[in-house]
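Chain letters run A, B, ... following the sequence lines, proteins first and then strands; every chain starts at 1.
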Amino acid sequence: MAKVTLSDEQNLEIMRHSCAHIMAEAICSIWPDAKLVYGPPVEDGFYYDIDLDEPIRPADFERIEEKMREIIKADKPFIRSEMPRSDALAKLAGDKYKTDNIKRADSDVISFYSNGDDFEDLCRGPHLPTTGKVGSFKIMSVAGAYWHGDPTQKMLQRVYGTAWPTPKDLDDYLHRLEEAKKRDHRLLGRQLDLFSFNESGPGFAFIHPRGMIIWNAVVDFWRSVHDKYGYQQVQTPVILNEQLWHRSGHWDNYKENMYFTTVDGVGYAIKPMNCPGLCLVYKTRQHSYREFPIRIAELGVVHRHEASGVMHGLFRVRQFTQDDAHIFCTPEQIESEIIGVIELTFEIYKAFGFEDFHIELSTRPQKHIGSDEIWETATNALENALKHKGIEYKINEGDGAFYGPKIDFHIKDCLKRSWQLGTIQLDFSMPARFGLVYTGKDNTEKTPVMIHRAVLGSFERFIGILIEHYGGGFPLWLAPEQARILPISQKSNDYALMVQETLRDAQLRVGCDLSNEKIGAKIARAHSERLPYMLVVGPKEAQFNTVNVRIRGDKKTKTVEIDEFLRTAKHKIADKKVDLAF
RNA sequence: GCUGCUGUAGCUCAGUGGUAGAGCGCGUCCUUGGUAAGGACGAGGUCAUGGGUUCAAGUCCCAUCAGCAGCUCCA
């Protein structure tokens, strides 16, 4: 075997995989009844799925690690042995997990790896030469995982670990994790008083005044871009007669996730989507191809009964505000409309400095409606639009909605969990179900194409993503409190209030700390609240009509005239600058 | 929904069957200051909820609710 240097990603994976085997041996020595299922390397580490009736607890991690250290210290060689598939099946008869693994393997030769005398595991390999070559590791967590990811199958115990070439690498990684956790929007949401949740409504967010400032700043920007791209805006009801949802197909396909109520003895549903309501708006009058494309946006509040275990701060809630829009157009207009949506989407993402997102194209699923021809046209339109814009994307074969293919925009949170933001979906179902028509050039009635799209996806989620993206240190245009005036002592309070009034008159969001604290304490507090600007004022500043500007993240200060501060700040707001420097 | 863990003051947490604790925050007072936390005093608790065991439960057991990690799901 080639010498392993652990200098590249591939070797790191091998080391982590070997570490998974060592952990498996350790666990089997502690719990002889444990049955091993599958133990691959993953990003930053590895896991092993184990079938064991007794739960493995965090308190057990230490003794597992202790046992692992023994195995590593013994420096036992990893030895590969091979046999034909039939022999392997015979050898592992009775072990349903490993038998299943063999059946899923594509090779005719099945390999095993042993390290030492009493541990052997079915494995494709490769591995390190000996157990002693493993670097620094730590067991991180244990959680349930269904066998084959199938909820009808038995739930296994998945033990996660992390492994790195050196102790320093491990420490750095653990440190990075700690830093990432500090950016968690759920934590910052409380610390910065942006939003909260309450047991009275699990999954329903309470947005606080400071959170609403960010929200409204995003809405203002969102609306200006949509104006520019030719969108109109509507608002449709949250509660609508149940019959509407029978017609839309939601009753048959989405009932489990919907809330229902009764009004005057009549069944009503709380909308999980905005499209049916919009279709009713469309039908209020006749339409001609001459009006197309029609682009109609709605900041629609939708409710979806998500499973209790999937809620996650603002990222996964039961009530959220979609930045929804529907485009009605002819088949010929699909591609150019898709391109328009992509351009609009990128323009909005760019304003927030998002670079790290990826795009997925989902194609026709097994269960679908509509002809093969229309699916091909639609999928080609989406694909051509992406190619036309030179955008890289991943294809999710068969992952489209039953009514049409879709493009999704995904982004990762501070702990590398992936979340969907925007989506563009072609819908072949709704216009026909609602009998939507337009008069074509040939004076016959036709069914319009409906494009359903969201750019931010959910305002709640997007605000959460922004909090993590900026780590709570918002650019000036989004900051709930853009500057705070900090008088040196109460003798300067009058001047401080005068400066505050001047800046507020100019539409800046400015606070003033009149508390009975020393300047150091006022700065520490403003700093912990991630204020962009701290304006220290005392007798010197009052004398010359200036403020001493201290910028977030910078200990240097600069004294400028009030007007100059105002001018610079206004420019940074108008240009949506992230940089606060003067 | 499933598996495991957690729930004590506004927040972060200690409390190992025998009178409810700390730091921060909050209030009042002293202090009036020059760039990351000045001092004193004080208020604040049905220990998530409901049962059970026990002479005695924040602590042990059961259930429920909520949160956390992951799985599954996500039109």
Side-chain angles (χ1 to χ4, degrees), chain A residues 47 49 52-60 140-160 181 184 186-187 190-191 193 196-203 248-250 253-254 256-258 272-276 302 304-313 315-316 318 322 324 362 365 399-404 406 408 415 417 419-420 423 425 427 429-430 452 454 457-458 486-493 515-528 534-541 548-557 559:
Chain A
Y47 68 78
D49 281 347
L52 172 67
D53 290 333
E54 183 190 337
I56 296 173
R57 298 191 159 85
D60 299 317
M140 302 297 286
S141 63
V142 58
Y146 299 112
W147 189 38
H148 292 168
D150 180 349
T152 63
Q153 294 290 342
K154 183 171 185 181
M155 181 156 275
L156 309 165
Q157 300 194 62
R158 179 169 295 178
V159 185
Y160 284 88
K181 278 183 185 165
D184 191 314
R186 293 166 298 183
L187 189 69
R190 189 164 47 231
Q191 284 175 354
D193 196 15
S196 61
F197 286 91
N198 187 279
E199 283 193 19
S200 300
S248 70
H250 287 84
N253 293 295
Y254 206 63
E256 309 311 313
N257 284 309
M258 290 172 65
M273 292 175 208
N274 305 302
C275 15
V302 296
R304 298 179 184 179
H305 185 262
E306 302 288 353
S308 61
V310 306
M311 256 100 73
H312 187 97
F315 287 175
R316 191 82 180 264
R318 284 176 169 167
Q322 280 188 316
D324 212 351
S362 297
D399 221 21
F402 71 88
Y403 54 72
K406 60 176 183 171
D408 291 330
L415 293 171
R417 289 174 290 219
W419 300 91
Q420 184 187 314
T423 184
Q425 301 173 354
D427 188 339
S429 160
M430 211 67 69
H452 171 113
S458 138
L486 312 177
I488 290 291
S489 80
Q490 291 179 349
K491 289 172 186 158
S492 299
N493 280 1
S515 66
N516 186 9
E517 293 287 351
K518 291 205 207 176
I519 191 64
K522 292 182 182 182
I523 285 177
R525 180 187 299 244
H527 180 259
S528 75
M534 301 168 222
L535 309 179
V536 175
V537 297
K540 281 187 278 182
E541 286 76 17
N548 184 252
V549 183
R550 184 173 169 134
I551 301 165
R552 181 177 61 210
D554 191 353
K555 287 196 173 180
K556 291 193 296 288
T557 67
T559 299

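Considering only side-chain N and O atoms, R57(A) lies under 4.0 angstrom from the phosphate OP1 or OP2 of C5(B). A sub-4.0 Å separation between OP1 or OP2 of G33(B) and a side-chain N or O of K491(A) is present.
Nearest to the side-chain atoms of V536(A) among the listed nucleotides U35(B), C71(B), A37(B) stands U35(B). Closest to the side chain of N516(A), out of U31(B), U35(B), A37(B), is U31(B). Side-chain proximity of A143(A) to the nucleotides A69(B), G1(B), G33(B) is greatest for A69(B). The side chain of M155(A) approaches G70(B) more closely than any other nucleotide in the set G70(B), C73(B), U35(B). Here the side chain of V310(A) is nearest to one of G33(B), C73(B), U32(B), namely C73(B). When distances are taken from the side chain of S528(A) to each of U35(B), A37(B), G33(B), the shortest belongs to A37(B).
Nucleotide C73(B) has no partner under the Watson-Crick or G-U criteria, as no pair reaches both atom distances under 3.5 Å. Taking a pair to require two hydrogen-bonding distances under 3.5 Å in either a Watson-Crick or a G-U wobble arrangement, U16(B) remains unpaired. Pairing for G10(B) goes to C24(B), judged as Watson-Crick or G-U wobble with the two contacts each under 3.5 Å. Pair check for U32(B) finds none; no Watson-Crick or G-U wobble contact set falls under 3.5 Å. The base-pairing partner of G67(B), taking Watson-Crick or G-U wobble contacts with both distances under 3.5 Å, is C5(B). U46(B) makes up no base pair with any nucleotide shown, lacking Watson-Crick or G-U wobble contacts both under 3.5 Å.
Counting non-hydrogen atoms under 4.0 angstrom, K406(A) reaches the backbone sugars and phosphates but no base. Within the nucleic acid shown, G309(A) comes within 4.0 Å of at least one base atom, counting heavy atoms only. Residue-level contact check: P272(A) touches neither bases nor backbone, having no heavy atom under 4.0 Å from any strand. At the heavy-atom level, N548(A) lies under 4.0 Å from base atoms of the strands shown. Across all strands, A524(A) comes closer than 4.0 Å to base atoms (heavy-atom distances). Residue I519(A) is in sugar-phosphate contact alone, with no base atom involved, counting any heavy-atom pair closer than 4.0 Å across all strands shown. Contacts of R158(A) with the nucleic acid, taken as non-hydrogen atoms under 4.0 Å apart, involve only primed sugar atoms and P, OP1 or OP2. Here R417(A) lies in heavy-atom contact (under 4.0 Å) with sugar-phosphate atoms only. Within 4.0 Å (heavy atoms only), R316(A) reaches at least one base atom of the nucleic acid.
Ion pairing between a basic and an acidic side chain is recognised when a charged N comes within 4.0 Å of a carboxylate O; K406(A) and D408(A) show such pairing.
Take the nearest nucleotide of RNA chain B for Y160(A) and for F197(A): the residue whose nucleotide is more 5' is F197(A). For the pair H312(A) and Y146(A), both in contact range of RNA chain B, the more 5′-proximal nearest nucleotide belongs to Y146(A).
Looking at every heavy atom in both residues, I56(A) comes nearest to L52(A) through CG1-CD2, 3.9 Å.
Across U72(B) and U3(B), the matching P atoms stand 16 Å from one another, rounded to whole Å. Atom P of U16(B) sits at a distance of 13 Å from the matching atom of G7(B), rounded to the whole Å. C62(B) and G25(B) are spaced 37 Å apart, taking the C1' atom of each and rounding to whole Å. On the C1' atoms, G51(B) is 29 Å away from C13(B), given to the nearest whole Å.
At whole-Å resolution of the value, CZ in R190(A) and P in C13(B) are 9 Å apart.
The aromatic rings of F315(A) and H312(A) lie parallel to each other, with less than 30° between the two planes, well short of the 60° mark.
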